[in-house]
Amino acid sequence: MSFEVFEKLEAKVQQAIDTITLLQMEIEELKEQNGNLSQQVQHAAGNSEALVRENQQLKEEQHVWQDRLRALLGKMEEV
C-alpha cells in the first residue's frame, strides 16, 4: 500500500518539476521578448525625437520662406 502512495507522490513531484521547468522556460522567453520590446521602444523614442527636431526645422524654414515671399510681394507692391 505505501509503495503505491510513494509512486503517486513521485508522479506528482515529477509533474510539479515538469511544470516548474516549463514555467522557467516561459519566463526566459518573456524576459527575452521584454528586452526586445524595450529596445524597440527606445528606438521608436529616438526616431520620434528625430522627427520632432526635423519638423521644427522644417517649420522654421517655412517661416523663413514666408518672410522672404512677403518681402518680395511688398517690393512688388511698391513698384
Side-chain angles (χ1 to χ4, degrees):
M1 187 75 165
S2 63
F3 187 71
E4 287 179 19
V5 172
F6 283 122
E7 284 182 343
K8 288 181 182 179
L9 180 60
E10 182 181 12
K12 287 183 180 184
V13 168
Q14 187 59 47
Q15 184 180 7
I17 290 171
D18 293 343
T19 301
I20 290 169
T21 302
L22 288 174
L23 289 173
Q24 286 174 335
M25 289 170 43
E26 186 175 344
I27 287 170
E28 290 302 316
E29 288 177 13
L30 290 173
K31 283 181 180 179
E32 185 176 328
Q33 287 178 359
N34 190 30
N36 290 339
L37 290 173
S38 293
Q39 288 177 350
Q40 290 177 5
V41 165
Q42 289 175 352
H43 184 68
N47 285 344
S48 176
E49 291 173 9
L51 289 172
V52 166
R53 285 192 302 270
E54 182 181 4
N55 187 35
Q56 185 61 34
Q57 180 183 0
L58 290 171
K59 284 180 179 181
E60 291 171 4
E61 289 179 19
Q62 180 185 13
H63 288 297
V64 168
W65 281 105
Q66 285 176 340
D67 292 343
R68 285 177 151 177
L69 184 58
R70 284 189 189 111
L72 287 173
L73 289 174
K75 288 181 181 179
M76 288 176 65
E77 287 179 7
E78 292 175 4
V79 172

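All residue numbers in this chain count up from 1 along the given sequence.
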Inset, instruction - Using the test side-chain contact (heavy atoms from CB on, under 4.5 Å), find all partners of Q57 that sit at least two apart in sequence or belong to another chain. - result: E61
Legend entry - Contact check, side chains of N55 and K59, non-hydrogen atoms, under 4.5 Å: yes
Legend entry - R68: salt bridge (charged side-chain N to carboxylate O under 4.0 Å, His left out) partners, not counting sequence neighbours: none
Inset, instruction - Enumerate the residue pairs fulfilling salt bridge (charged side-chain N to carboxylate O under 4.0 Å, His left out) with a member in residues 70-79, sequence neighbours excluded, ordered by first and then second residue. - result: D67-R70
Inset, instruction - Please round to the nearest 0.5 Å and tell me the distance separating atom CZ of F3 and atom CD of E10. - result: 8.0 Å
Inset, instruction - Decide if atom CD of E32 counts as having more than 12 heavy atoms of other residues, nucleotides or ligands within a radius under 6.0 Å. - result: no
Atom pairs and distances, donor-acceptor, side-chain atoms in residues 16-28, under 3.5 Å, two or more places apart:
residue : atom : partner : partner atom : Å
D18     : OD1  : Q14     : NE2          : 3.0
T19     : OG1  : Q15     : O            : 2.9
T21     : OG1  : I17     : O            : 2.8

Show me the donor-acceptor pairs, under 3.5 Å and distance only, between side chains in residues 37-54 and residues at least two apart or in other chains.
residue : atom : partner : partner atom : Å
S38     : OG   : N34     : O            : 3.0
H43     : NE2  : N47     : ND2          : 3.4

